[in-house]
There are 2 protein chains.
Amino acid sequence: MNPHEESRCENCIIRELNALRSLKKEELKAISDSKVSRTIKKGESIFKEGEKLNGVFCVRDGVSKLSKLSENGKDQIVKIASKGEVMGQRSLIAEEAANLSAVALNDMQLCFIPKENFTESLSKNPEFIQALLKNMAHELKMADDVIVNMAQKTVNQRVAGILLYLDTHFGTDADGYLSLVLSRNDIADVVGTATELCIRTLTKFKKEGLIETEGKRIKISDREGLDQLWEGV
Amino acid sequence: MNPHEESRCENCIIRELNALRSLKKEELKAISDSKVSRTIKKGESIFKEGEKLNGVFCVRDGVSKLSKLSENGKDQIVKIASKGEVMGQRSLIAEEAANLSAVALNDMQLCFIPKENFTESLSKNPEFIQALLKNMAHELKMADDVIVNMAQKTVNQRVAGILLYLDTHFGTDADGYLSLVLSRNDIADVVGTATELCIRTLTKFKKEGLIETEGKRIKISDREGLDQLWEGV
DNA sequence: CGAAAAAGATGACTTTTGTCAGTTGCTTTC
DNA sequence: GAAAGCAACTGACAAAAGTCATCTTTTTCG
């Protein structure tokens, strides 16, 4: 594989996956020429809430958490972004500072698309806007659903929910363990609870035969059981 | 005031307030000719989740709650829409069934804009799309913030929050009582708690001198105190 | 390697939240 | 205007969630 080819947006897998797919080839080329491809290591920050972004980030590889610090000092993870997703678009569109912080959950490859390229396409390419609009509409629905779940489901249910989410979105490795490995603390931050309670809940699930664990790795052994728990049967 | 004039979108206050403001006069005229203006009584349903919408609704007067039924059988109010706001746009853009149900909280005046007019403007008027995009970006930020609050704040704080929200968004009447009067049950559905706990919390606030009540009406007597509670001081 | 740091885990306890059952009081309606 | 129905409210209790202290295991890094 040719690394030079690989690093160009025209051939980037992202083109196929995200809102940018509506960009015409020439536009992608223009963006590609100006873009900066970055490697981000696990745990490193991509941007912080309150920061002015001067571009958007396309996830080429790896996974990132998007979180917001609550007034009580706890981080709440609002979204997990992976290959093909764009981060920072909301802030650029709204012309506001970032509302969320982005941190790499594992080693990542990112494309950086400068603000100018982004806003130019925004004003000149109707298909791009349409795709963006649809993307935002989808994100909004997701967010509304999360609100309902946060407000109405118990910690038990929400922990079951994140496990199911990780399974369906990132799959499992050869041994059947969830491919995306989160720390107990990160799981707690997604669920919106204390780390201790999160750990206890996982321990309980283990005793009930819903999951198995090995270190921080988790294997779902009874998906149906977790489903039922999630749905509140 | 001429009711005929008043019912035309060209002159509608909504034009000034919402995403539709980018529509050109001719487009507004076209929409106006086809639109249906409706009067909805308090408590009546505007649309239900799962329903296919064949247009969007502009709130000309009154207030509506947008809620979603959780699997546990409880309603979660996700948003309160008032004058100048558009309901149903997300579903039309995403070409999905409604994710939320809309019910009138008091008597309402609504403009109905058929799908065809909406999508036509969407494909032909770049400024309209830009405005919509910005609007959705803002809603997404709001939704993310609600997620954090739901996950990280206590019922106490969230009840204080809704009171402050009602105060800043709908103001007070001559006696200083919150203009928008919600039932205890609706407040609980916004906060995401049980009605009993919501009532207890309000009673406690009353004892602490933060609010006064008269029937279901609520007066904020110590806004600063509520603010501090909300911020978790 | 081995010490230090970070993450995982558990117990004991407190606080918060939910639930059920029932009372009061207002409002709607025939 | 009385009865019905609903919303507001209260008490008692149960369940869920949070906190603090402590210990163990894993990871990191000089």
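Just so you know, these numbers use all the heavy atoms, side chains as well, and skip hydrogens, waters and symmetry mates. Order of the sequence lines fixes the chain letters, A, B, ..., with proteins taken first and strands second; residue numbering starts at 1 for each chain. Given the structure is predicted, the values throughout are model-derived calculations rather than measurements.
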Could I get a table of every N or O pair under 3.5 Å where one atom is in the protein and the other is in nucleotides 28-30 of chain D?
none

Using a distance-only test with no angle check, is there a side-chain donor-acceptor pair under 3.5 angstrom linking [X] and [Y]?
X: B/Gln157; Y: B/Asn149; answer: no
X: A/Asn72; Y: B/Gln152; answer: yes
X: A/Thr195; Y: A/Asn185; answer: yes
X: B/Lys41; Y: B/Asn106; answer: no
X: A/Ser101; Y: A/Lys48; answer: no

Notebook entry, point to check: Only one of A/Phe47, A/Phe118, A/Phe57 clears ring pair (Phe, Tyr, Trp, His ring centres under 6.0 Å) with A/Phe112; which?
Noted result: A/Phe57
Next item on the list: Within residues 225-232 of chain A, find the residues that approach DNA chain C with a heavy atom at under 4.0 Å, and present them sorted by residue number.
Entry: none
Next item on the list: Only one of B/Asp61, B/Val59, B/Thr39 passes side-chain contact (heavy atoms from CB on, under 4.5 Å) with B/Met108; say which it is.
Entry: B/Val59
Value in whole Å for how far the [atom2] atom of [N] lies from [atom1] of [X]:
X: B/Met150; N: D/dA17; atom1: CE; atom2: P; result: 15 Å
X: A/Arg158; N: C/dT17; atom1: CZ; atom2: C1'; result: 13 Å
X: B/Gln152; N: C/dT17; atom1: CD; atom2: P; result: 13 Å
X: A/Lys204; N: C/dA9; atom1: NZ; atom2: C1'; result: 16 Å
X: B/Asp189; N: C/dT17; atom1: CG; atom2: C1'; result: 16 Å
X: A/Gln157; N: D/dA15; atom1: CD; atom2: C1'; result: 14 Å

Polar pairs (N or O, both sides) under 3.5 Å between protein and nucleotides 14-16 of chain C?
none

Next item on the list: Using the closest heavy atom to pick a nucleotide of DNA chain D for each, name whichever of A/Gly192 or B/Asn185 lands nearer the 5' end.
Entry: B/Asn185
Next item on the list: Using a 4.0 Å heavy-atom cut-off across all strands, classify A/Thr195 as base, sugar-phosphate, or nothing.
Entry: nothing
Please enumerate all protein N or O atoms sitting under 3.5 Å from an N or O of nucleotides 9-11 of chain D, with distances to 0.1 Å.
| from | atom 1 | to | atom 2 | distance (Å) |
| --- | --- | --- | --- | --- |
| D/dC9 | OP2 | B/Arg184 | NE | 2.8 |
| D/dC9 | OP2 | B/Arg184 | NH2 | 3.2 |
| D/dT10 | OP2 | B/Thr203 | OG1 | 3.3 |
| D/dG11 | N7 | B/Arg200 | NH1 | 3.0 |
| D/dG11 | O6 | B/Arg200 | NH2 | 2.9 |

Next item on the list: Run the numbers on A/Trp230 and A/Asn156 for side chain to side chain contact (heavy atoms under 4.5 Å, CB included), then give the verdict.
Entry: CA-CA 8 Å; A/Trp230 168 246; A/Asn156 260 302; over 6 Å; no
Set out, line by line, the N/O atom pairs under 3.5 Å between protein and nucleotides 26-30 of chain C.
none

Notebook entry, point to check: When you measure from every atom of DNA chain D, which of residues 61-78 of chain A have a heavy atom less than 4.0 Å away?
Noted result: A/Lys74
